[in-house]
Structures are given as structure tokens and as C-alpha cells.
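So that the names make sense, note that chain A is the first sequence line, chain B the second, and so on, each numbered from 1.
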Amino acid sequence: MGRTLFDKLWDAHLIAELSGTSALIAIDRVFLHERTGAAALKSLAAAGREVADPARVFAVMDHIVDTRPGRGDGTLMEGGAGFITETRSACRAAGITLFDVNDPDQGITHVISPELGIVLPGLTLIAPDSHTCTQGAFGALAWGIGSSEAEHAMATGTLRVARPRTMRVTFTGRLPAGVTAKDMILRLLADHGAGGGAGHAVEFAGEAVRALDMEARMTLCNMATEFAAMTGLIAPDAATSAWLEGRRYAPSPLPDWSDLTSDADAVFDAEIEINAASLAPMVTWGTSPGQAIAVSGTVPQGPERAHDYIGLAPGQPIAGTPIDVAFIGSCTNARLSDLRRAAAILKGKRIAPSIRTALVVPGSGAVRRAAEAEGLDKVFTDAGFEWRMSGCSMCFYAGGESFPAGARVISSTNRNFEGRQGPGIRTHIASPETVAASALAGAIADPCGGAA
Amino acid sequence: MIPFTTLTGIAAPLLRDNVDTDTIIPSREMKSTGKTGLAAGLFAPWRYADPASRAPDPDFVLNQPEYAAAPFLLAGANFGCGSSREHAVWALAEWGIRCVIAESFAPIFRTNCVRNGVLPVELPRAAIAALAGRTITADLARQVVEGHPFAIDAEAKAMLLEGLDAIDLTFKHRDAIAAWQAADRAQRPWVYLETRA
Ligand code: SF4
């Protein structure tokens with residue numbers, strides 16, 4: 001019987017079978033960030049253990065760094081500087097490569113790891129961050145773990161992993177114009193629930209997935225964790241190699257990765273098929289990423305708690321809901337192509353006067369520089385957006401900078417939980433296009449020109 | 001790690017779906033790089049009516065006197081979704097929760113539980129609802145809670161029962177790891193990076 005891509009990655013890293021479904025799996029790369037990395041490194045050192053191979057461990061300051069120009073170690077979050085300075089000294093002591101606050105390569109973990117060729121097809125990569133699944137877009141087995149597991153991987157070069165089941169999500173046909181990878185993943189979440197991928201490693205396949213560029217593939221895999229999956233995976237192809245060619249940590253010449261696909265006769269434990277041609281721009285209405293609908297749709301009946309928090313009643317059209325804030329950023333949608341598409345909508349226009357805050361936070365220093373070289377920063381600032389330094393910023397609330405109290409936010413991020421972007425903040429997740437169109441309208445709006 | 005064999009105590013019901021780790025321990029409550037001092041921030045958005053003064057919300061389950069020392073937490077589907085922060089389990093454990101019973105768990109959270117001596121049990125929704133507010137017993141060796149059998153991976157079960165440290169266990173495979181890496185290095189030399197000057 002044929003093997004799935006997941007099976008091949010698993011088999012290639014299998015050191016020993018353990019009890020039950022667990023196995024000892026070799027880990028090729030570890031990536032840390034300041035919010036959880038210092039804890040793992042400190043705890044490892046306190047136990048008298050060492051990082052086995054520091055050359056394959058990387059760290060970056062992304063989560064709580066200030067994103068205002070001129071930044072240093074200070075953060076708007078109380079006590080945040082301690083995380084930064086302790087991570088720095090722990091990385092130094094362990095001999096780990098760190099992309100520091102003002103390093104030109106600094107950026108969000110899952111943006112810079114691919115940019116630098118740290119993730120590559122066929123690798124196992126773990127990080128104490130749930131969105132590590134983003135990097136599965138390269139055909140690597142990449143998944144998020146906790147601090148204890150990060151310590152384990154650094155100390156032993158391995159993890160003890162319970163083998164997940166396999167699932168294939170096939171997007172047939174072609175996406176309509178203006179519909180994006182973000183809308184694909186939100187559709188999957190809406191149809192199959194935020195727990196729909198539990199216990200599975202999910203491979204994304206089909207014509208519409210193959211047609212996505214690498215950045216869009218990362219957007220798709222990014223939210224596999226919102227589906228409760230262990231990870232998302234896309235088989236590498238010519239686009240993958242072309243994107244990785246010449247990246248700093250990528251080998252030259254690039255190895256042949258053509259075997260990293262699911263065999264034609266491979267059997268998955270679960271299969272889902274979605275017709276890409278039927279998709280439309282999506283937006284979340286509630287407090288779970290699975291509570292998503294077409295921008296042209298109406299709010300369905302959901303849990304009372306979600307309606308109360310978000311302040312929208314069942315039956316109400318979502319388009320036209322007034323918003324206070326527009327946010328473009330995060331490891332989901334803050335890469336160059338995301339900024340280009342948003343800027344194309346904003347060019348020569350102004351955001352609605354009712355918008356209190358509009359922010360663009362590029363996913364990395366490299367994205368920021370490339371965008372500036374094309375003049376995108378000017379398009380955004382002319383439209384009324386603020387142009388920031390790279391970091392996670394207000395994708396999540398760390399207790400520092402926040403949006404105005406009770407604000408309703410249209411956001412290119414991945415989580416709309418209660419309080420995710422600050423106490424009482426109501427988050428609507430959508431594509432960068434939908435964020436841009438909504439910022440212009442001052443209300444949730446369809447970027448394809450539908451009901452607004 | 002404290003071994004987990006059997007546990008008896010009251011079961012506090014928090015019967016909601018998709019309870020995320022940002023809610024279990026908000027980022028702003030993670031005040032130091034250590035693993036302790038987190039219980040005060042456990043469920044802060046729901047536990048405190050006013051986050052600034054920390055006035056408790058009397059309606060929240062863990063603020064009710066009968067549940068103040070509950071070692072069991074009952075929940076809905078997809079418990080522990082969201083951020084990978086292990087602080088969520090550290091906070092629960094520091095508060096005194098030793099077993100979470102949910103319809104399903106987010107995968108990272110489940111592993112984090114096992115690594116910290118907290119037993120994650122999956123039961124059907126109706127069975128969980130019937131346990132609410134009762135004094136119950138979980139028996140890990142027999143894999144039952146009040147007559148309800150539950151499944152758990154053999155590896156996780158052994159680690160919990162014996163309170164084993166995963167890193168120590170893995171070091172027993174030191175030779176196999178070294179042999180695997182030597183063979184892999186020959187096949188995939190590009191994986192092994194040199195430390196840059
Ligand atoms: S951008 Fe948001 S989701 Fe991504 S790593 Fe940062 S905080 Fe997490």
C-alpha cells in the first residue's frame with residue numbers, strides 16, 4: 001500500500017518505536033521565541049542539561065517586542081523587557097543563533113524561518129508556538145509543542161510523539177478572483193468545526209492548493225492548529241524549490257525532494273473535499289475560528305455566549321457591521337503578497353473617518369524593506385494606516401498596547417477568542433483584502449464588491 | 001513529577017466548548033519567565049469581575065466555595081485550544097487541578113498535561129454532564145472514571161503512572177539516537193548545520 005506524505009516524513013525520522021502509538025522521532029530544527037523560549041532554556045539549564053546541537057536551534061524576539069519605530073528592549077507590556085533580556089542571555093549561554101530585536105532578519109517566527117531557509121522540505125521542525133504548522137507549507141513536518149517538549153527536543157534531538165491519524169483536505173477546481181487561502185481555511189473551519197482535525201495531521205491537496213503561491217500556502221497551513229490538527233502539510237513542488245533557492249540556511253544546490261508526495265494509492269484515515277470554485281470571501285462572526293461565514297451571509301444561531309460577547313444577533317447580515325479598527329499583520333497574513341493585495345485595494349483612497357485605528361505590521365524586517373522598496377508603505381500611510389516595525393503586535397494581547405476598549409476589529413490574524421486582542425475586544429478574522437475593503441467602508445465589506 | 005495513580009475529589013463543571021489557553025492563563029498574567037506564580041492568573045478573564053481590582057465574579061465555577069479545592073475540572077469539546085503555552089497547565093496544576101475531563105482536547109495541551117502530571121480524560125458529553133458537582137474517582141491503571149472507561153496512549157499512561165521524566169527516559173535511547181544521526185548525516189548532510197562564526 002502506498003504511503004502518505006506524512007507517513008514518509010514520519011518513517012524518515014523514526015528512531016525507535018515506544019509503547020502504544022508513540023515513537024521516538026528525530027527533530028531537525030528547533031525555533032524559540034522570547035515568550036516561551038527563555039522559560040525552556042532556563043529550565044533546561046536548571047536541570048543541568050545542555051542543548052545537544054545548538055547549530056540547529058534558532059530564536060527570535062517577536063511576541064512582545066514593541067513595534068513602534070525606534071524600539072529597544074522596552075515593551076509596552078509590564079515586565080516584558082525581562083523576557084527579552086533573559087532570552088538574549090539564555091541564547092548566548094546556549095550558543096543559539098538569535099535574531100534580536102533590531103536584527104535586520106528579525107520578524108515573526110513563522111515568517112522568518114522560511115525566509116531564511118531554516119525550514120526545508122523533508123525536515124522535522126518544532127517550536128513552542130502553536131502556529132508552527134505554518135511551515136508545513138514547505139513539506140516539512142512542523143508542529144507546535146509546549147515548553148517541556150522544547151526542552152526535550154533541545155536536550156535529546158528527539159521527541160516522543162503519539163502518531164496522529166492522517167487526513168487529506170482536497171480543494172478541487174479553481175478559486176474565484178479575490179478569494180484567497182484565508183477564505184479556504186475559514187471555509188474548512190466553518191464546515192467541519194474548530195475541532196474537526198483533532199488527532200490528525202492534515203495534508204492540503206488538489207488543484208486549488210497547487211495553484212497557490214508559497215505565501216498563500218503558508219496562510220492555509222497556518223490555521224491547521226485552529227482546526228485542532230497536529231499540523232498542516234503541502235507536498236513540495238517546483239514552486240517550493242524556486243522559493244527556497246538561495247535562502248541563507250538552505251543547501252546549494254537544493255536536494256531532490258520529488259519523492260515527498262503522497263503515493264497515488266496512499267490511504268488517508270479521513271478525507272474532506274471542498275469545491276474551491278464555490279468559495280467566497282469569509283469572515284468570522286463569533287469567538288471561535290470555526291464561527292465563520294461568507295461576508296455576504298447572515299449571522300447564524302450560535303452559542304449564546306458568543307452572540308453576547310460579539311454583540312451580533314442571529315439573522316443579521318454581517319456586511320455593514322460598523323468597525324472601529326483595521327489590523328493587517330500576523331504569521332497568517334503579513335507577508336509581501338498579503339501587503340501588496342491589501343495595498344492594491346487601498347491605493348489612492350482613504351479609510352473611513354469612523355475608523356479609530358488602522359495598523360499594518362509587516363511580518364518581518366525583510367517584508368518591511370521589500371514593501372518599502374515598492375512604495376507600499378506610502379500607499380498604506382496615505383490611506384490612513386500606521387506603518388510599523390515587525391512583530392506579533394496586537395495579533396494577541398500581552399497586557400501592553402491595545403485597541404480602544406470594546407473596539408470591533410477587522411483583522412487579518414488567526415484567532416478571534418474572547419479577549420484575544422485585548423479585554424472586551426471583538427475580533428473578526430478575514431483576508432487582508434477584506435480588511436482593506438472594510439477599512440475603506442468603515443464596516444465589514446466584501447472585497448469582491450458584494451453587499452457592503 | 002508526582003505519579004498519578006488514583007484521584008478522588010469534587011468535579012468542577014466548566015461545560016463550555018473551545019476553552020482556549022489565552023483564557024486559561026492570559027498572556028498578561030505570565031509575568032516572569034518561570035513556571036510558578038501562575039495560579040493567581042488562572043481563568044482571570046472569567047474569574048475576576050474586574051480585572052484591575054481582582055474582585056471575584058461569584059458566578060464563575062472556581063469561585064464557588066464547594067469547588068475551591070476541586071481536583072477535577074469538567075469541560076466541553078476542544079479544551080485547551082489556541083496558544084501552545086504550557087503556562088496553562090502550570091497554572092491549572094498550581095491551582096490544584098490534577099485531572100481535566102473533556103469531550104476532546106487540543107493536541108498540544110494534552111501533551112502538556114501529561115508532561116506535568118495532569119491526567120487528560122476524554123469522555124462523551126453526556127457522561128461529563130452527569131459528573132458535574134459530584135465527588136468522583138479516576139483510576140488510571142484501570143482507565144475508568146466512575147464506571148466510564150476512557151482511552152489513553154500507553155506511553156502517556158506509563159509516564160503518568162510512574163511520574164517519569166521524559167528526558168531521562170529518552171536518554172536511555174542515547175545509543176540508538178547517536179547511531180540514527182550518524183546514518184542520517186551521511187544521507188542528508190544538508191540537515192546538519194555548522195555553527196556560524
Ligand atoms: S503573529 Fe500571532 S499567531 Fe502568529 S506567532 Fe505571533 S502571536 Fe502567534
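- Scanning both residues, A/Ser288 and B/Asn18, for their nearest heavy atoms gives OG-ND2, 3.8 Å.
- Under a 4.0 Å N-O distance rule, the pair A/Arg49/B/Asp165 qualifies as a salt bridge.
- Minimum heavy-atom separation, A/Phe396 to B/Ser27: CE1-OG, 3.3 Å.
- If you tally non-hydrogen atom pairs under 4.5 Å between each of B/Gln187, B/Lys31, B/His173 and chain A, the highest count goes to B/His173.
- B/Arg28 places no side-chain N or O within 3.5 Å of a backbone atom of A/Met77 that could act as its donor or acceptor partner.
- Shortest non-hydrogen contact noted between B/Met30 and A/Phe83 is O-CZ, 3.3 Å.
- The candidate with the highest count of non-hydrogen atom pairs below 4.5 Å against chain A, out of B/Thr23, B/Asp22, B/Asp20, is B/Asp20.
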May I have the step-by-step check of side-chain contact (heavy atoms from CB on, under 4.5 Å) for A/Leu24 and B/Ile177, ending in yes or no?
-> CA-CA 9 Å; A/Leu24 191 62; B/Ile177 296 169; 4.0 Å; yes
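- Heavy-atom pairs under 4.5 Å with chain B were tallied for A/His63, A/Arg35, A/Glu149; the largest tally goes to A/Arg35.
- The two atoms that bring A/Ala194 and B/Asn78 nearest to each other are O-ND2, 3.4 Å, heavy atoms only.
- With respect to chain B, the highest number of heavy-atom pairs below 4.5 Å among A/Met230, A/His13, A/Glu86, A/Glu78 belongs to A/His13.
- A donor-acceptor pair is defined here as one N or O able to donate and one able to accept, closer than 3.5 Å; no such pair exists between the side chain of B/Arg174 and the backbone of A/Thr156.
- When the heavy atoms of residues 102-120 of chain B are compared with those of chain A, the residues falling under 4.5 Å are B/Pro107, B/Ile108, B/Thr111, B/Asn112, B/Arg115, B/Asn116, listed by number.
- The pair A/Glu151-B/Lys35 meets the salt-bridge criterion, with a side-chain N (NZ, NE, NH1 or NH2) lying under 4.0 Å from an Asp/Glu carboxylate O.
- For residues 142-158 of chain B, heavy-atom neighbours of chain A at less than 4.5 Å comprise B/Asp153, B/Ala154, B/Glu155, sorted by residue number.
- No side-chain heavy atom of B/Cys81 sits under 4.5 Å from any side-chain heavy atom of A/Glu226.
- Listed options A/Gly82, A/Pro164, A/Ala155, A/Gly290 were ranked by heavy-atom pairs under 4.5 angstrom with chain B; first place goes to A/Ala155.
- Among B/Gly82, B/Pro26, B/Pro45, the residue making the largest number of heavy-atom pairs under 4.5 Å with chain A is B/Gly82.
- Summarising the geometry of A/Arg29 relative to B/Trp190, their closest heavy-atom pair is NH2-O, 3.9 Å, with the distance given to 0.1 Å.
- For B/Gln181, the part lying near chain A is the side chain, with the backbone staying farther off; criterion is any non-hydrogen pair under 4.5 Å.
- Side-chain atoms of A/Thr36 and B/Arg85 form no donor-acceptor pair, as typed in the model, at a separation below 3.5 Å.
- Side-chain atoms of B/Thr33 never come within 3.5 Å of backbone atoms of A/Ala39 as a donor-acceptor pair (strictly under, hydrogens ignored).
- There is a side-chain donor-acceptor pair under 3.5 Å between A/Ser148 and B/Glu86.
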